[in-house]
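Proteins come first, then strands; the chains are lettered A, B, ... in the order of their sequence lines, and each starts at number 1.
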Amino acid sequence: MTPFEFYKVNSSKYLFLIFCQLFLILGFINKADAQEKIFNAKTYSLDNGLQVVLIENHRAPVVTHMVWYKVGAADEPRGKSGIAHFMEHLMFKGSEGLAPGDFSKIVRSLGGQDNAFTSQDFTSYYQSIAVDYLPEVMKMEAGRMRGMNPPLEEVSSERLVILEERKQRVDNNPKSHFNEQIRYALFPNHPYGTPVIGWSHEIKALLWEDAKAFYDKWYRPNNAILIISGDITLEELKPLVQKAYGNLEPSDIPDRQWTSMPPLPGNYEITLKHEQIKQPTLVFIFRTPSASQDKEASLALEVFQEVMSGGASTRLYKSLVVDKKLATNISLSYDSLGIGETTLSIHAYPNKDVELSQLKLEVLNELREVILNGVKDQELKEAKTRMIDASIYARDSLKGAAMIFGMALASGLSIDDIEYWHKNIDSVTPQQIQDAVTKYINPDNSNLRPYIVGYMLPETD
Amino acid sequence: MKKSYIKIIIFTVLFTMSVHVNTALASDRFLDIQEVKTTNGFNAWLVEDHTLPIISIKFSFKGAGSKNATKDKQGITRLLSSTLDEGAGNYDSQAFQQALLNHSISLSYSSNRDHFSGELLTLTKYKDKAFELLKLSINEPTFSDDAVMRMKNAISSNIRNKISNPEWMAYRVLLDKAYSGHPYALNSGGTLTTIPSLSRDDLINYKNNYLTKDSLVISAAGDINASELAILIDDIFSHLPDNSKASNIPSIEIQNGGNIFLYELDIPQTIIEIMQPGIDRSSPDYFTAQLLNFILGGGGFGSRLTEELREKRGLTYGVYSSFSMRDHADAMTVSTSTKNETAKECLDLIQSELNKLKVALVSDKELSNAKSYLIGSMPLTLSSTSNITSLIHNLQIDDMPLDYLDTRANKLNAVTKEDIKMLAKKLLAPEQLTISLVGKPRGINVTESITELPNAE
């Protein structure tokens, strides 16, 4: 989904998220009606290259303070999967003036909340707290940009924690394991095929030296974005930022060097049969351009997602669940944010006594229908209205604006891409949608970008 | 930051003028909650806020939760909550859903064991349509055969997915054992057997018997004022049946204390779910319990359990404790997961930490940090219009006074280390835990092996 889409209002019983993301995507949009820009965010940069973005929100005397590093799991050296995420954990285990564990405890003692997450493209650290304590969290956060120094025994115990995390999120559930496998097949020869949390056998072999090398290479002010949303003005913010972050030294950040995917002619069907699975599930995954790779196609696919899967009266659900009664539920989701290619996935639960092959055919026919005949004016208009309405709801969140800017900027988008999103969505044409689906979501001509059909089945037939 | 300067200036000016200041300024209260009494006798709470063009309403029928369902009707509240918005009045199922969707209105129903609830979220510009749809769904739902069947199928798929989830499985066994003999032990979401068997009459009867005026609690927040809310409430809810048919349900102590139940599953971790007796929401120990829980395991990093299990030993990614206060049973729960080889070690550590709290005072720092967080983090709960509604709604359901949020800080601050130790001593029962495990743990003396999930299929 797109960051703004998360705020689309939907009856919760129709949404089901099978993919368990390791990072939370929240969108937060300001009042969009009658406004040129959605957020009116302000931005500037420090001399050391740190980009600063402020989105004011004076509803409550609180702020969200986030640092986004433009480095993620995709930047890991080969054989060291999981090091970016491991590093994220180690950032809490001792830094300038802080003993292991102090960071979060201090934030808590000030009535704040903190967390962090790692994705393929970026790593983010953030706190939400009363605005009066912003200087304190800035000091601590800036202190660990270059000052991380966990004791070695903490490195060992945290490696164990990560292994437990992997077991809990993935290995306990064959479906999660299967999703990993699907992703691996979808991105041949590309770092996106490796899970962010890493493979168990490689996690076990990760050393402090690996983390330190990664840290020194990427964790610099000129490779970071500082985002603040909440009850503070630019005039109040600037001196605080200068004091906390002004003295950090930049360095040369290497170019990201990712291996790329070869064109391949065949498509995959991958099957998992497992005794722990009780509900047969059908999954389709296509590789798609991200917003930073092909803006026009990406916007078109965002609207396509809404037309196909915005709710119970939209195409997929209406056709396959309500009218043909072939599925008990179905949803389509397009992920627009990524430095590299992203995905569009469809999940469906077949109704009782429905053959998976039949359901598969019907889903693919829905795609063919759009390729052949496009989308109708009425459903397009309704989809756009809903998406623009979602932008108003997105404003109704404490840290949403900061999240959306962080994710967008760290994924290669510009501030204007966010500020004018509602206008960009509005200008998507039926032709653009038809073209994007024909080029990227085409079951009959995948254009050498293999897509995957996945089956999750109970053990017994 | 600007706001605090303005407050200081106003106060200074008023003081120097020697005018008697009415100290009940809105800014003195944590949240400006209004009590709204309607002509037809409803009583709602409202936090009016016109910053955003959004209105949020939450309402619950107290006592109308799944606890009223008999074993063969498990899931009736789940099905009811799924079908109330599948056609009403002149709207068939698709038309109703389309009306919601194309006006970006969120209307949803849900139920827990105790209460049956509804939530409405709308932009101001669509409020008339939103209120119309809410009124229709709560008064004239159609329950067409087609829609009911479709929702049954969706719920069944959902149940099948849950049955594959080890955390859900552990919790299912825990509830079955901890509430043994009580309606709480049943599956509130229904089973693969009961869901298909529920009828349209079941839905109509349940609605008429339990979704009644005498049990209604209503909360609202956002772009709406008291008089508009009062009119709207009377219009929407006045035609519901007067009196609930809910019968008295007895209270129950947590059962199977000291027993360990294992559902063996070939996964790398053991999921651990624990229950022991808790306290009532209205207990004078409530605030002591909040702090006790934060220190034990509710606070995440810095809590006893997280320090011992995760930070020091790397045994788990997450361990938490919480108090569960239902209408007829009170519990304290602890949950975690760890690789099978260290399941016993985790259980021993949990018991040991419970014991420690009974015999030794917590430190000054632990207590002050806990108070700082529980008090200082309150503004963060006001993170959205619907979160504000939920906050006040929970207070109403718990029969808390209107000024609860204004006295809360003082009550928390008044708790001493001795209070915590005294509560721990009388409440914590490390030898009487009801323990549910899923996985393949080693070296644990299991009381009973569970081979079939109770009330699932």
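For the pair B/L192 and A/K278, the minimum side-chain heavy-atom distance is 4.5 Å or more. Considering only heavy atoms from C-beta on, B/H103 stays 4.5 Å or farther from A/R386 through its side chain. Contact of the A/E164 side chain with the B/T338 side chain is registered, since non-hydrogen atoms from C-beta on lie closer than 4.5 Å. A/Q168 places none of its side-chain heavy atoms less than 4.5 Å from the side chain of B/K339. By the 4.5 Å heavy-atom criterion applied to side chains, A/K318 and B/Q98 are not counted as neighbours. Side-chain atoms of A/V321 and B/R150, non-hydrogen and from C-beta on, do get closer than 4.5 Å to each other. B/T51 is not listed as a side-chain neighbour of A/H58, based on a closest heavy-atom distance of 4.5 Å or more. Under the 4.5 Å side-chain criterion, counting only non-hydrogen atoms from C-beta, B/L52 is in contact with A/R59.
Only the side chain of A/V62 comes within less than 4.5 Å of a heavy atom of chain B; its backbone N, CA, C and O stay farther away. Of the atoms belonging to A/N173, it is side-chain heavy atoms, and not backbone ones, that fall under 4.5 Å from chain B. Only the backbone of A/I129 comes within less than 4.5 Å of a heavy atom of chain B; no side-chain atom from C-beta onward does. Proximity to chain A (any heavy atom under 4.5 Å) is restricted, for B/E307, to the side chain, taken from C-beta onward. Contacts of B/N158 with chain A are absent, with no heavy-atom separation under 4.5 Å from either backbone or side chain. Both the backbone and the side chain of A/Q276 come within less than 4.5 Å of a heavy atom in chain B. Both the backbone and the side chain of B/R310 come within less than 4.5 Å of a heavy atom in chain A. Interface residue B/F294: only side-chain heavy atoms are found under 4.5 Å from chain A. Of the two parts of B/K312, only the backbone, made up of N, CA, C and O, holds a non-hydrogen atom closer than 4.5 Å to a non-hydrogen atom of chain A. Residue A/S128 touches chain B through both its backbone and its side chain, counting heavy-atom pairs closer than 4.5 Å. In this structure, the portions of A/D171 lying under 4.5 Å from any heavy atom of chain B include both its backbone and its side chain. In this structure, no portion of B/L382 lies under 4.5 Å from any heavy atom of chain A. Heavy atoms of B/I155 lying under 4.5 Å from chain A are absent altogether.
Ranking A/D114, A/I162, A/L110, A/N172 against chain B, the residue ahead of the rest is A/N172, based on heavy-atom pairs under 4.5 Å. Interface check for chain A: of the options B/L380, B/N369, B/I267, the most heavy-atom pairs under 4.5 Å are formed by B/L380. Of the listed residues A/G101, A/G112, A/P100, the one with more heavy-atom pairs under 4.5 angstrom with chain B than any other is A/G112. Across B/S377, B/S164, B/S372, B/A95, the residue that shares the most heavy-atom pairs under 4.5 angstrom with chain A is B/S164. Of the listed residues B/D146, B/I159, B/L123, the one with more heavy-atom pairs under 4.5 angstrom with chain A than any other is B/L123. Highest contact tally toward chain A, considering only B/G376, B/S157, B/S110, is held by B/S157 [criterion: heavy-atom pairs under 4.5 Å]. Highest contact tally toward chain B, considering only A/H89, A/E153, A/E154, is held by A/H89 [criterion: heavy-atom pairs under 4.5 Å]. Annotation: maximal heavy-atom pairing with chain A below 4.5 Å, among B/G318, B/G314, B/S337, occurs at B/G314. When the candidates B/S384, B/S303, B/P166, B/P268 are compared by the number of heavy-atom contacts under 4.5 Å with chain A, B/P268 comes out ahead. Comparing A/V63, A/I277, A/N351 by heavy-atom pairs within less than 4.5 Å of chain B, the highest count is held by A/N351. Of the listed residues (A/R166, A/K93, A/R159, A/K352), the one with the most heavy-atom contacts under 4.5 Å to chain B is A/K93.
At distances below 3.5 Å, at least one donor-acceptor pair connects side-chain atoms of A/D396 with backbone N or O atoms of B/T385. Counting only distance, with no hydrogens or angles, the side chain of A/Y393 and the backbone of B/S104 share a donor-acceptor pair below 3.5 Å.
Taking CZ of B/F301 as the reference point, atom CD1 of A/I106 lies at 14.0 Å (rounded to 0.5 Å). In this structure, the separation between CG on B/N153 and NZ on A/K325 is 9.5 Å, given to the nearest 0.5 Å. Annotation: the span from A/K167 atom NZ to B/T270 atom OG1 amounts to 11.0 Å, rounded to 0.5 Å. In this structure, the separation between OH on A/Y349 and OG on B/S156 is 12.5 Å, given to the nearest 0.5 Å. Distance check: B/E366 CD to A/K105 NZ gives 9.5 Å after rounding to the nearest 0.5 Å. We find the CG-CD distance between B/N161 and A/Q279 to be 5.5 Å, quoted to the nearest 0.5 Å.
The neighbour count for B/Y263 OH, taken as heavy atoms of other residues, nucleotides or ligands under 6.0 Å away, is above 12. Atom NZ of B/K365 is surrounded by 12 or fewer heavy atoms from other residues, nucleotides or ligands within 6.0 Å. Open room surrounds CD on A/E275; 12 or fewer heavy atoms of other groups in view lie less than 6.0 Å from it. For CG of B/D145, the number of neighbouring non-hydrogen atoms (other residues, nucleotides, ligands) closer than 6.0 Å is 12 at most.
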Note to self: Determine whether A/Y317 and B/Q97 satisfy the following criterion, side chain to side chain contact (heavy atoms under 4.5 Å, CB included), listing intermediate values before the conclusion.
What the structure shows: CA-CA 12 Å; A/Y317 190 91; B/Q97 281 294 319; over 6 Å; no
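Residues satisfying the ring-ring contact (aromatic ring centres under 6.0 Å, His included) criterion with A/F86, sequence neighbours excluded, are absent altogether.
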